[in-house]
Amino acid sequence: METLWFSPSPVPTLNLKHSLSTFQLITTSPKNNKPTRHPSTVVVVTATLTNPTVQFHKSTSTTLLSPPPPPPPPLTEVTADSLSYESGHLGAVPRKQATGAGDGVHNAMSYLTKILSAKVYDVAVESPLDYASKLSERLGVHFWLKREDLQPVFSFKLRGAYNMMAKLTTKELAKGVICSSAGNHAQGVALSAQRLGCHAVIAMPITTPEIKWKSVEKLGATVVLVGESYDEAQAYAKKRAEDEGRTFIAPFDHPEVIAGQGTIGMEIVRQLPAASLHAIFVPVGGGGLIAGIAAYVKRVRPEVKIIGVEPYDANAMALSLHHGKRVKLNRVGGFADGVAVKVVGEETFRLCNDLIDGVVLVDRDTICASIKDMFEENRSILEPAGALAIAGAEAYCKHYGLKGENIVAITSGANMNFDRLRLISQLADVGRRREAILVTCMPEKWGKFKKFYDLVSPLNITEFRYRKNVQKEEALILYSVGFHSTNQLKDMLERMASNQLQTLNLSNNDLVKDHLQFLVGGRSVVDNEILCRFIFPERPGALGKFLDTFSPRWNITLVHYRALGETHANVLVGLQVAASEMDEFKNLANSLGYEYAFETDNEALQILFC
Ligand SMILES: Cc1ncc(COP(=O)(O)O)c(C=O)c1O
């Protein structure tokens with residue numbers, strides 16, 4: 001995961017071109033665990049494009065000759081930051097809820113029967129509802145954790161997948177199933193197929209970490225690594241489903257999948273019977289989990305609030321509820337990869353619009369803090385999406401000053417690569433407002449260093465970088481301090497100001513946390529230097545493609561690489577590009593196909609490097 005691929009691809013990949021789209025395709029065989037090229041699969045992809053036309057011309061049926069229904073209008077594209085409100089605030093309240101005009105309870109009726117008859121316990125367990133004593137004490141509420149991270153494949157996803165598959169006919173099971181997923185849904189489908197004795201094909205993007213596709217393969221499924229994004233893997237899976245008569249197992253947008261996830265709501269109501277329950281906090285990706293829980297709970301305990309939680313940069317449900325229709329994110333943050341979805345489901349949106357009470361948004365640091373909370377609570381490690389609901393619940397309690405109420409957060413998954421813990425532990429204390437990242441400019445005079453130290457005390461310095469600037473006769477100190485209350489930090493910043501030591505709090509600046517703190521001291525005078533933050537796919541050859549695009553046309557002056565998600569890395573790059581060459585640069589950067597943003601004017605950069 002943390003590997004920077006400098007060398008050409010060690011794994012042969014095959015670029016397929018046909019009239020619809022381009023795939024990179026590698027299939028893996030359970031026998032030797034090695035990705036191999038499968039040209040035969042190429043034939044399947046191209047052959048399907050001609051079949052429907054042939055059948056159409058042979059038929060004399062008038063129904064076949066009637067024109068196909070027009071395609072649905074494309075969804076409006078929006079940016080994640082077009083909807084932002086204070087963390088903990090209950091926003092994106094559905095309009096029907098707000099006006100009381102929703103028919104949610106009526107909608108939930110048909111789901112109640114589905115949920116009550118859902119078949120999930122052949123494969124899933126009734127997960128415990130654990131009392132979180134430390135969180136409860138700290139927040140002054142009764143904080144319960146619905147432990148879906150304790151399911152056989154460490155997430156709730158097998159409930160929905162199994163429920164849908166268990167309802168297939170013997171003939172359908174014999175034809176096999178297929179799905180596309182880089183994560184928990186893949187494992188849910190693979191395990192369900194193993195239990196039901198049917199064959200499963202799992203299409204995963206080629207950026208999927210080996211640990212993930214191998215664990216799916218161990219469950220007996222055939223893994224196909226295909227396409228650079230989830231969308232491409234999904235297009236492949238849907239096509240192959242049609243070709244081979246396999247059933248496509250949707251990750252969230254199917255009534256049986258929603259009903260399977262809804263059994264979690266049924267269990268919570270049973271496990272916390274008499275007590276008044278203020279709210280259930282649910283992580284939201286495509287919306288299957290929250291739709292299922294809401295469909296059950298709003299029918300039997302309508303007074304209980306069902307609150308979605310999304311990261312600020314993956315807020316497709318909040319935005320859709322806000323606009324009153326499904327919208328598409330132009331770009332989705334991948335840190336909480338389990339919920340990194342650009343478009344929520346049609347059916348899940350309909351249910352959420354009718355039933356849920358709104359969505360709370362949280363940032364990356366807060367999610368990390370909640371992973372640490374869970375570890376301190378019971379020594380379990382959650383994946384970011386799995387800790388999302390704790391983060392939202394805590395932010396909500398603080399925002400509204402909630403006291404004495406029962407609240408439940410769904411801990412939805414624990415499938416995380418060990419490498420990611422480094423970043424998470426680094427950000428957790430900043431997220432919990434127990435650590436701050438500060439920069440102080442200090443005149444280079446004898447005795448100043450000691451004075452600086454005295455002013456920071458009694459706060460604990462947890463990290464320290466000092467660099468003298470000869471030209472300006474001053475030193476720059478980038479450091480982190482630990483504190484117990486925000487007043488302690490405020491007092492310290494005031495002490496600095498009254499002693500003319502200019503100090504800035506950079507705790508909310510992601511560029512500092514991801515890159516600049518590792519580069520401080522590397523200052524040099526470079527003409528025409530621009531800085532861009534690129535998002536590289538985590539795959540062999542990604543850097544090579546980047547270099548081929550820009551070098552030797554422009555001189556590269558700085559590179560800092562940081563793997564942040566499972567499949568992508570943030571790379572800060574400095575290049576010498578004259579103002580007159582900017583249009584050319586932008587054209588080439590756009591043609592590269594990696595997302596990027598200019599950071600040349602970032603405030604922290606001016607302080608640390610200019
Ligand atoms: C750990 C985890 N939490 C939450 C979700 C979101 O579920 P949904 O897509 O049904 O909203 C997922 C989805 O895969 C997940 O893996």
Side-chain angles (χ1 to χ4, degrees), residues 127 145-151 153-161 163-164 179-191 202 204 208 212 215-216 230 234 249-265 280-295 306-311 314-318 320-321 326 329 332 334-349 351-352 355-356 359 362 367 370-371 374 380-392 409-417 420 565-566:
S127 60
L145 301 170
K146 180 65 175 156
R147 299 292 308 277
E148 285 300 300
D149 53 303
L150 298 180
Q151 288 295 350
V153 280
F154 306 105
S155 93
F156 70 95
K157 291 294 275 192
L158 78 173
R159 293 185 187 247
N163 189 46
M164 180 172 172
C179 78
S180 49
S181 161
N184 293 326
H185 181 54
Q187 297 202 41
V189 171
L191 180 66
I202 316 283
M204 301 174 118
T208 308
K212 290 215 164 168
S215 56
V216 168
Y230 174 76
Q234 190 188 50
I249 309 297
F252 45 79
D253 206 18
H254 189 282
E256 297 302 346
V257 174
I258 295 169
Q261 325 300 29
T263 53
I264 298 172
I280 302 176
F281 292 85
V282 190
V284 180
L289 177 61
I290 193 167
I293 292 176
I306 304 295
I307 298 177
V309 186
E310 290 186 316
N315 53 351
M317 183 61 85
S320 298
L321 294 173
R326 287 193 312 148
L329 283 178
V332 63
F335 178 69
D337 46 326
V339 294
V341 166
K342 283 187 176 167
V343 188
V344 301
E346 226 174 306
E347 177 66 354
T348 56
F349 173 71
L351 285 165
C352 288
L355 296 171
I356 76 167
V359 178
V362 294
I367 299 172
S370 295
I371 294 174
M374 182 72 169
S380 296
I381 294 176
L382 297 174
E383 63 179 279
L388 192 57
I390 301 182
I410 314 288
T411 55
S412 54
N415 283 307
M416 181 158 68
N417 276 5
R420 299 189 72 191
E566 295 279 303

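What you see below is based on every heavy atom in this structure, not just the backbone, and it leaves out hydrogens, waters and symmetry mates. These numbers come from a predicted model, not from an experiment. For ligands, and for the atoms within them, numbers begin at 1 and follow the listed sequence.
- Considering all non-hydrogen atoms of both residues, Ala190 and Ile202 come closest at N-CD1, 4.3 Å.
- Contact residues for ligand 1 (protein heavy atom closer than 4.0 angstrom to any ligand atom): Phe156, Lys157, Asn184, Phe252, Pro283, Val284, Gly285, Gly286, Gly287, Gly288, Leu289, Gly338, Val339, Glu383, Ala385, Ser412, Gly413.
- For the salt bridge (charged side-chain N to carboxylate O under 4.0 Å, His left out) test, residues two or more places apart in sequence or in another chain that qualify with Arg326 are Glu346.
- Contacts of Glu256 classified as salt bridge (charged side-chain N to carboxylate O under 4.0 Å, His left out), with partners at least two apart in sequence or in another chain: Lys114, Lys167.
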Evaluate Ser412 against Glu148 for side-chain hydrogen bond (donor to acceptor under 3.5 Å, both in side chains), listing each step before the verdict. CA-CA 5 Å; Ser412 54; Glu148 285 300 300; over 6 Å; no
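- A heavy-atom distance below 4.5 Å is not found between the side chains of Thr263 and Asn163.
- Every residue meeting the side chain to side chain donor-acceptor pair (under 3.5 Å) condition with Thr411, not counting sequence neighbours, appears here in chain and number order: Asp149.
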